[in-house]
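As structure tokens, the structure follows; a few thoughts come after it.
Just so we're on the same page: letters track the sequence lines, and every chain starts at 1.
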There are 2 protein chains.
Amino acid sequence: MSVRLDELDRKILVQLQQDGGRSLDEIAKAVGSSKTPVWNRIRKMREGGVIKQQTYVLDADSLGFEACFFVLIRTSEHDADWQARFLKALRDRPEVQEAHRLAGDIDYILKVRVENARAYDVFYQALISEVKVHNVTALLSMEEIKSTTMLPL
Amino acid sequence: MSVRLDELDRKILVQLQQDGGRSLDEIAKAVGSSKTPVWNRIRKMREGGVIKQQTYVLDADSLGFEACFFVLIRTSEHDADWQARFLKALRDRPEVQEAHRLAGDIDYILKVRVENARAYDVFYQALISEVKVHNVTALLSMEEIKSTTMLPL
DNA sequence: TGGAAATAAGGAAAATTGTTCCGTATGGTC
DNA sequence: GACCATACGGAACAATTTTCCTTATTTCCA
């Protein structure tokens, strides 16, 4: 059962994405409605899975995560068992912030956040000892120009 | 003025990352403390920039964003003016969820979320008409295996 | 080691916010 | 045009956040 969204729903989502700490009163005023409809719509969008989660975004640098790598992976193995183990390994490793299976030449891309280059090597060695991969290229981020989870509504 | 974090601070951050909707009472109980110290520490970490923002994460598919591309960019131009215009273009475009300047061969990587392949092409054409880039490779995501903003504390 | 100052904790009060309830309005259907 | 279903706005209630105050704990210096 999917949720059909109207203009008011979208306005509410914009508010929630911009600042998840606003009160219902503030949101209601911003979108030109009142508390009850705003509250009901948020609840429905939560239950319908449009809103996945509510979270706090932390500053990686302040917490000592100064290195960010994008990892491009090619593999020769494509059987179901190998893939299941590979996906599990990625999901279990907290350093992996993003993992996507790709179309084309390169099979997977990861975004990995670690303390430093040495910590990346530890991660890398651990990963390739768990599952065989054909070719790995690591791209080191020098500067995070932009980072957001916002969808353009 | 940086914030020095102790074990209790870290426990609180873990709770906030896991679920940004928990009440102070719940968090206090989970970390083995009471409301006031938890509240004071959250406030300080906010002011100190350790906590960057509080937000709601939405489901891209539910909202019609069914295509996700990682874009690898090489450029020949490296002067300050070009770079300033390029960064501004990236920050201004809401489709761009991530943008990093890289070390080595490839100069930039972007993560771009759009409705479909057609919308990506519109984005791409608009971008290269704004700023000259030498070489662009787009990697299309077939499956989002993992996506989180959590840092492993 | 003793003692004063600074810092952090816990509990309770006050203020704000979230949640429910209900009467009314609105829109769609036959 | 009447009925049903759905959504809205305002008020009442419940829960949470925020502040305040008192008590511990720690730190630092004599």
Side-chain angles (χ1 to χ4, degrees), chain A residues 1-59 61-64 148-153, chain B residues 1-65 148-153:
Chain A
M1 85 176 201
S2 69
V3 184
R4 186 109 210 88
L5 301 173
D6 63 9
E7 214 33 60
L8 182 54
D9 290 317
R10 289 216 161 69
K11 283 185 188 174
I12 293 169
L13 291 177
V14 168
Q15 296 296 316
L16 294 178
Q17 285 194 113
Q18 278 176 7
D19 181 358
R22 292 214 177 94
S23 73
L24 282 175
D25 281 324
E26 289 176 297
I27 296 167
K29 200 168 61 179
V31 303
S33 185
S34 65
K35 273 161 73 166
T36 309
V38 171
W39 190 83
N40 280 319
R41 282 154 182 269
I42 291 175
R43 185 177 50 75
K44 279 187 185 168
M45 291 193 284
R46 231 191 259 279
E47 290 166 358
V50 175
I51 294 173
K52 283 206 290 193
Q53 64 160 335
Q54 190 178 349
T55 192
Y56 284 65
V57 180
L58 310 183
D59 183 58
D61 288 330
S62 303
L63 290 157
T148 180
T149 58
M150 277 187 58
L151 296 172
L153 305 169
Chain B
M1 84 176 204
S2 71
V3 183
R4 185 108 210 88
L5 301 172
D6 64 9
E7 217 27 65
L8 182 55
D9 289 317
R10 287 216 163 67
K11 283 186 187 173
I12 294 169
L13 291 178
V14 168
Q15 296 295 318
L16 295 179
Q17 285 195 115
Q18 277 176 9
D19 181 357
R22 292 212 178 93
S23 73
L24 282 175
D25 280 323
E26 290 176 297
I27 297 167
K29 200 168 61 183
V31 303
S33 185
S34 67
K35 275 159 69 166
T36 311
V38 171
W39 191 83
N40 280 319
R41 283 154 182 271
I42 291 174
R43 186 178 49 77
K44 278 187 186 169
M45 291 192 285
R46 231 190 257 278
E47 290 166 359
V50 175
I51 295 172
K52 283 205 289 191
Q53 64 159 335
Q54 191 179 346
T55 192
Y56 284 64
V57 180
L58 310 184
D59 184 59
D61 286 332
S62 302
L63 290 157
F65 294 89
T148 180
T149 58
M150 277 187 57
L151 296 172
L153 303 170

Salt bridge or not between B:R43 and B:E47? Use side-chain N to carboxylate O under 4.0 Å.
yes
Taking CD from A:Q15 and P from C:dT17, how many angstroms apart are they, rounded to a whole number?
15 Å
As an exercise, state the distance from CD of A:Q54 to CG of A:L16, rounded to the nearest 0.5 Å.
8.5 Å
Return the value, rounded to whole Å, for the distance between atom CG of B:N40 and atom P of D:dT19.
9 Å
Min side-chain heavy-atom separation B:D9-B:K44 under 4.5 Å:
no
B:W39 side chain: which of D:dT17, C:dA9, D:dC8 is closest?
D:dT17
Counting any heavy atom closer than 4.0 Å, what does A:S23 reach on the DNA or RNA strands: base, sugar-phosphate only, or nothing?
sugar-phosphate
Checking all strands, does A:R41 fall into the base, sugar-phosphate, or nothing category for heavy-atom contacts under 4.0 angstrom?
sugar-phosphate
For A:I27 and D:dC8, what is the distance between atoms CD1 and P respectively, to the nearest whole Å?
15 Å
Toward the 5' end of DNA chain D, by each residue's nearest nucleotide, B:L24 or A:S34:
A:S34
Rounded distance in Å - CD (A:E26) to P (C:dG18):
9 Å
Locate the shortest heavy-atom distance separating A:T148 from A:M150; write the atom from each residue and the value.
OG1-N, 3.0 Å
Between P of D:dA14 and CG of B:D25, the distance in whole Å:
17 Å
Nearest-angstrom distance from the residue atom CZ of A:R4 to P of C:dG28:
15 Å
Spell out yes or no: do the side chain of A:K35 and the base of C:dG18 have one donor N/O and one acceptor N/O closer than 3.5 Å?
yes
When rounded to whole Å, the NZ to P distance for the pair B:K29 and C:dG10 reads 15 Å
Ignoring backbone atoms, test whether B:T36 places a side-chain nitrogen or oxygen under 4.0 Å from the OP1 or OP2 oxygen of D:dT19.
no
Please report the closest heavy-atom contact between A:V38 and A:V31, naming both atoms and the distance.
CG2-CG2, 4.2 Å
C:dA8, OP1 or OP2 - any side-chain N/O from B:K44 closer than 4.0 Å?
yes
What is the distance, rounded to the nearest whole Å, between atom CD1 of A:I42 and atom P of C:dT20?
13 Å
